[in-house]
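Here's the structure we're looking at; comments come further down.
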Amino acid sequence: MRRSVADAEAMESLGRELGRTLRAGDLVVLTGPLGAGKTTLTRGIGDGLGVRGPVQSPTFVLARTHPSLVGRAPLVHVDAYRLGSAAELEDLDLDFARSVVVVEWGAGLLDDVSESWLEVVIARRLGHDGVDEHGDGAEAERDAELDEDEPRTVELLGHGPRWAGTPFAVQPQLDD
């Protein structure tokens, strides 16, 4: 399923919508460039789950657990950017079975963790290499535009039995 998300408010709203459907044992893997909206989406997921906040990036602590305020599963929010391997993720001793686990930068680190997961790929316009080739300030102006609230494309791909029969289910590819 592909969605266009107009701004940060809409990204958080999408997260709230997802949070209301998630349950204990769900694994969500977020992929996208810096500034794509991964943490904003997670903030919405936390709100939809009814967890204690604030939900913010766990970059330096690697993982934060947000307990539920309404009797639902807690949110475990992981930032795997600084992790080098699946073994380092395993060392965090996350409670996958009784929590909703959202992992930013987790692609490739979660093989064999769960038979089902929801992959969320967020795409946004990317900047340049920082060189103003024409010396007219246009490159800096384009980079400044990237900091603005602009549309993103969000692809939600449900893998495994948990997501079968949902709008997120990845359809098997037929070989020719």
Side-chain angles (χ1 to χ4, degrees), residues 1-3 5 8-123 152 154-172:
M1 165 188 272
R2 187 175 298 225
R3 303 252 310 249
V5 177
E9 185 177 320
M11 184 70 77
E12 199 164 328
S13 178
L14 174 60
R16 275 191 295 280
E17 181 183 326
L18 283 174
R20 287 190 289 269
T21 66
L22 296 172
R23 60 186 188 219
D26 283 344
L27 172 62
V28 181
V29 180
L30 306 180
T31 303
L34 286 169
K38 295 179 293 293
T39 300
T40 301
L41 181 72
T42 305
R43 189 174 305 116
I45 290 171
D47 192 37
L49 285 168
V51 301
R52 185 176 69 211
V55 173
Q56 48 195 330
S57 180
T59 300
F60 298 105
V61 295
L62 301 179
R64 277 196 175 95
T65 300
H66 299 272
S68 176
L69 298 173
V70 295
R72 295 189 64 205
L75 169 66
V76 176
H77 183 196
V78 180
D79 186 330
Y81 186 76
R82 288 178 172 67
L83 299 180
S85 68
E88 289 181 27
L89 184 65
E90 176 78 20
D91 287 344
L92 295 177
D93 196 28
L94 302 175
D95 186 357
F96 286 97
R98 292 184 300 219
S99 305
V100 171
V101 179
V102 176
V103 183
E104 296 185 29
W105 306 100
L109 294 177
L110 297 159
D111 298 340
D112 301 323
V113 167
S114 176
E115 67 178 347
S116 296
W117 68 96
L118 181 63
E119 179 182 7
V120 180
V121 180
I122 305 171
R152 308 299 203 249
V154 179
E155 193 168 10
L156 301 121
L157 306 164
H159 302 272
R162 159 67 172 102
W163 300 104
T166 72
F168 309 118
V170 172
Q171 301 304 317

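Only this structure's heavy atoms are used, side chains among them; waters, hydrogens and symmetry mates stay out.
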Tell me, yes or no, whether the heavy-atom count around E88 atom CD, taken from other residues, nucleotides or ligands under 6.0 Å, exceeds 12.
yes
To the nearest 0.5 Å, atom CG of L118 lies from atom OG1 of T166 at 8.0 Å
The test is side chain to side chain contact (heavy atoms under 4.5 Å, CB included); show your working for L89 and L94 and say whether it passes.
CA-CA 8 Å; L89 184 65; L94 302 175; 4.1 Å; yes
Does some side-chain heavy atom of L92 sit less than 4.5 Å from a side-chain heavy atom of L83?
yes
So, do L110 and V103 sit near enough that their side-chain heavy atoms are less than 4.5 Å apart?
yes
Could you grab the distance from atom OG1 of T42 to atom CG of L30, nearest 0.5 Å is fine?
4.5 Å
Please report the closest heavy-atom contact between G106 and V29, naming both atoms and the distance.
C-CG1, 3.8 Å
Got V100 and R72 here, is their nearest side-chain heavy-atom distance under 4.5 Å?
no
Which heavy atom of V78 sits nearest a heavy atom of A63, and at what distance?
CG2-CB, 4.0 Å
Describe, in one word, how the ring planes of F168 and W163 are oriented to each other, choosing from parallel (under 30°), tilted (30 to 60°) and perpendicular (over 60°).
perpendicular
What heavy-atom pair brings S57 and T39 nearest, and what distance separates the two atoms?
N-CG2, 3.6 Å
Within a reach of under 6.0 Å around CZ of R2, are more than 12 heavy atoms found that belong to other residues, nucleotides or ligands?
no
Closest approach of R152 to A36 (non-hydrogen atoms, all atoms of both residues):
NE-O, 2.9 Å
Just how far is it from atom CD1 of I45 to atom OG1 of T21, taken to the nearest 0.5 Å?
8.5 Å
Rounded to the nearest 0.5 Å, how far apart are OG of S85 and CG of D91?
7.5 Å
Please walk me through it: do L18 and V28 pass side chain to side chain contact (heavy atoms under 4.5 Å, CB included)?
CA-CA 10 Å; L18 283 174; V28 181; 5.8 Å; no
Looking at A73 and S68, what are the two nearest heavy atoms and their distance?
O-CB, 3.9 Å
Could you walk me through whether T31 and E119 pass side-chain hydrogen bond (donor to acceptor under 3.5 Å, both in side chains), step by step?
CA-CA 8 Å; T31 303; E119 179 182 7; 5.0 Å; no
Over all heavy atoms of both residues, which pair between D26 and R23 is shortest? Give the atoms and the distance, please.
OD2-N, 2.8 Å
Using atom types as modelled and distance alone, determine if a side-chain donor or acceptor of K38 lies under 3.5 Å from a backbone N or O of P33.
yes
Can you find a pair of side-chain heavy atoms, one from V102 and one from L41, that are under 4.5 Å apart?
no
Gap between atom CZ of R43 and atom CG of L75 - 0.5 Å precision:
12.0 Å
Donor-acceptor under 3.5 Å (R3 side chain, L156 main chain)
no
What distance do E104 atom CD and L34 atom CG have between them, rounded to the nearest 0.5 Å?
10.0 Å
Does the R162 side chain pair with the main chain of L27, one donor and one acceptor, at a distance under 3.5 Å?
no
Apply side-chain hydrogen bond (donor to acceptor under 3.5 Å, both in side chains) to H77 and Q56, showing your working.
CA-CA 9 Å; H77 183 196; Q56 48 195 330; over 6 Å; no
